[in-house]
Amino acid sequence: MTAQTQAGGAAVAATRVNAAAGADGYPRRWAMLPVILIAMFMAGFDIWAVNVAAPSLQRDLHVSDAALQLIVGGYAFMYASGMVTGGRLGDLFGYKRLFLIGVVSFALASLACGLAPTAGALVVFRLVQGLTGAVMVPQVVALITAAFPARERSRALGFYGATMGLGFVSGQILGGGLIQANIFGLGWRAVFLVNVPVGIVALIVAAVVVPGVRGPRRPRLDPLGAVGVSGALALALVPLTLGRDEGWPTWTWVSLALALPVLAVTFAWERRLTRAGGEPLLDLSLFRDRAFSAGLGLNFVALFFFGSFMFVLTLLLQNGLGLSPLHAGIVNLPLALTFIAMTLLGPRAAARLGPRSITLGAGFAVLGAVALALIALHDGGQLTGWDTAPATALIGVGQGLMVPSLMGAVLTHVRPQQAGAAAGVLTTTQQFSIASGVAIVGAVFYQAIGGVPTRASFVSGLAVIAWIDVALLIVAALLTFLLPGQVRRHGRPAAGPGR
């Protein structure tokens with residue numbers, strides 16, 4: 001068989017799968033879903049588990065504060081900056097192919113991190129791991145969008161959102177458990193090495209159940225657009241990540257000031273390329289969909305809150321209250337359990353209430369944040385980990401309602417041929433919001449606790465952040481009113497198309 005015949009056969013097969021997805025969906029889509037979500041879980045888990053492992057890393061590898069920021073923040077930066085290009089590569093070479101490549105490379109990068117002999121090597125391997133995550137994760141969203149018919153897509157995207165949130169909370173709990181258990185004397189290395197067997201299983205099963213689907217056309221790459229997007233993100237995230245430890249030198253402010261102009265120039269290039277009949281990295285037509293644009297803003301604010309909240313809570317429990325990683329994880333169980341419980345109910349609430357389910361979730365989270373601030377102000381230096389549990393449980397209820405619906409809020413009306421581009425933009429926004437939330441709110445928290453922090457100053461810093469969280473959640477609740485109305489089972493919005 002000739003290469004041309006093989007390529008033609010692959011194209012025909014992909015077209016058939018695309019056609020099936022557009023009508024009744026890919027037949028094995030529900031078998032595919034848990035496999036691709038496992039990969040998404042791995043990528044999210046590693047963001048938060050490394051936060052828990054930070055004290056062990058500093059002790060065993062003599063990691064400096066700056067290197068630790070690169071180990072934690074460098075992963076998030078590479079992850080965020082490569083997402084849009086990862087989505088385009090999926091459109092170009094096929095979502096299944098890029099997903100399998102991403103799983104293999106992510107598992108290998110995790111192995112390298114787990115075996116890293118020095119802090120410098122770990123920094124390099126973490127940057128590579130973030131980049132491989134950026135290849136893998138956009139294909140998850142694109143596969144869901146392409147393989148599920150419109151009437152089922154919101155439910156499938158809800159499971160994606162729930163998995164993303166579970167990565168947040170379980171990174172704290174399972175990461176702490178792995179470190180405390182010290183399996184085979186691995187300590188913090190187990191946080192990375194656990195991805196290897198999981199990746200192998202995901203690879204084997206995905207090779208069977210994931211369809212060879214891609215967009216109906218093969219777009220060209222846009223190198224200038226990729227450089228512009230990555231450069232703008234770098235100009236913002238690098239100073240936000242390193243600025244506090246470096247004492248906010250002049251270069252950090254110059255870098256931050258240049259981020260928006262570089263992004264504006266990139267958008268101008270993308271518009272010019274569109275008018276010239278080219279294929280820009282950013283599909284600007286997506287932003288004409290009200291659901292997509294408003295949903296992106298909602299995702300940014302909601303995950304800016306949740307990412308920074310989990311970061312500050314970890315600092316409080318471990319550094320402020322002196323809890324071990326395992327004990328801190330146990331204290332987080334009420335939050336995790338209420339989050340899991342509400343993610344199971346969330347799809348029903350979303351089907352019944354539409355965007356108001358996100359509004360309701362934001363309301364519960366506001367109550368939790370207010371309660372947390374009042375508890376911190378009342379208890380002061382006498383605060384214990386379990387004192388925070390009722391408030392964090394309320395936040396878990398709210399986030400369990402919100403997070404699963406955040407994906408559907410953006411992607412419900414996206415056409416399958418735009419799946420890769422939309423997935424890249426959305427996942428970039430999500431990871432940028434988490435990384436910038438950790439950096440900005442983290443800097444405010446460190447400023448609040450002072451240069452020589454005490455138990456009491458950690459608690460007062462928590463109160464400051466809790467009031468900031470209240471403001472963020474109110475903004476998120478208000479943004480839900482910009483979303484189109486509820487989507488009926490046949491896939492058409494009940495309250496207009498939202499364009």
Side-chain angles (χ1 to χ4, degrees), residues 32-50 74-110 126-147 156-168 170-171 195 198-199 202-203 206 210 213-214 226 229-230 233 237 281 296 299-300 303 306-307 403-404 406-408 410-411 414 418-435:
M32 171 197 78
L33 186 62
V35 179
I36 61 177
L37 291 183
I38 286 174
M40 169 64 206
F41 179 85
M42 283 195 304
F45 172 83
D46 260 28
I47 295 175
W48 301 103
V50 173
Y75 173 88
F77 161 65
M78 296 299 287
Y79 193 29
S81 64
M83 286 286 188
V84 178
T85 302
R88 170 56 61 90
L89 290 173
D91 286 335
L92 184 60
F93 297 110
Y95 307 138
K96 177 177 182 177
R97 179 182 297 176
L98 264 291
F99 176 76
L100 295 178
I101 291 172
V103 170
V104 171
S105 56
F106 189 86
L108 290 174
S110 298
R126 276 288 279 177
L127 294 175
V128 173
Q129 190 188 34
L131 196 59
T132 61
V135 172
M136 176 175 66
V137 171
Q139 318 317 322
V140 176
V141 185
L143 282 165
I144 291 173
T145 306
L157 290 169
F159 285 117
Y160 175 97
T163 303
M164 179 172 61
L166 285 174
F168 285 12
S170 64
N195 291 328
V198 175
L203 177 68
V210 174
V213 61
R214 64 160 63 95
V229 170
S230 299
L233 290 173
L237 285 179
L281 180 69
L296 277 184
N299 269 265
F300 182 88
L303 294 177
F306 198 28
V403 173
L406 290 176
M407 302 295 298
V410 179
L411 297 177
V414 170
Q418 295 176 302
V425 172
L426 174 59
T427 48
T428 296
T429 300
Q430 290 175 332
Q431 298 310 316
F432 177 73
S433 67
I434 293 169

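Count residues from 1 along the sequence.
- Here N299 contributes atom CG and T429 contributes atom OG1; the two are 7.5 Å apart, rounded to the nearest 0.5 Å.
- G90 and Q139 get closest at one heavy-atom pair: CA-OE1, 3.2 Å.
- Atom CZ of R126 is separated from atom CG of L131 by 13.0 Å, given to the nearest 0.5 angstrom.
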One pair to check against side-chain contact (heavy atoms from CB on, under 4.5 Å): M40 and I36. What are the steps and the verdict?
CA-CA 7 Å; M40 169 64 206; I36 61 177; over 6 Å; no
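- Looking at S433, its side chain does come within 3.5 Å of a backbone N or O of Q430 through a donor-acceptor pair.
- The side-chain heavy atoms of L233 and T428, taken from C-beta on, include a pair separated by under 4.5 Å.
- Taking CG of L92 as the start and CZ of R97 as the end, the distance is 9.5 Å to the nearest 0.5 Å.
- Summarising the geometry of T85 relative to A226, their closest heavy-atom pair is OG1-CB, 3.5 Å, with the distance given to 0.1 Å.
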Go through the steps to decide whether I144 and F159 satisfy the test side-chain contact (heavy atoms from CB on, under 4.5 Å), and finish with yes or no.
CA-CA 10 Å; I144 291 173; F159 285 117; over 6 Å; no
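- Of all heavy-atom pairs between Y79 and A43, the closest is OH-CB, 3.3 Å.
- Sequence neighbours left out, the pairs with a member in residues 33-46 that pass side chain to side chain donor-acceptor pair (under 3.5 Å) are D46-Q129, D46-N195.
- A heavy-atom distance below 4.5 Å is not found between the side chains of L426 and M83.
- Rounded to the nearest 0.5 angstrom, M42 CE and I38 CD1 are separated by 8.5 Å.
- S230 approaches S81 most closely through the heavy-atom pair OG-O, 3.2 Å.
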Show the numbers, then the answer: is there a side-chain contact (heavy atoms from CB on, under 4.5 Å) between L89 and Y95?
CA-CA 8 Å; L89 290 173; Y95 307 138; over 6 Å; no
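- Nearest heavy atom pair, residue T163 against residue L37, reads CG2-O, 3.4 Å.
- Residues Y75 and L127 have side chains not in contact (no heavy-atom distance under 4.5 Å, counting atoms from C-beta outward).
- Between atom CE of residue M78 and atom CG of residue L237 there is a gap of 11.5 Å, rounded to the nearest 0.5 Å.
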Hey, can you pull the donor-acceptor pairs under 3.5 Å for the side chains in residues 98-109, sequence neighbours left out?
residue : atom : partner : partner atom : Å
S105    : OG   : I101    : O            : 2.8
S105    : OG   : G102    : O            : 3.1

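- Not counting sequence neighbours, the partners of F45 by the ring-ring contact (aromatic ring centres under 6.0 Å, His included) test are F41.
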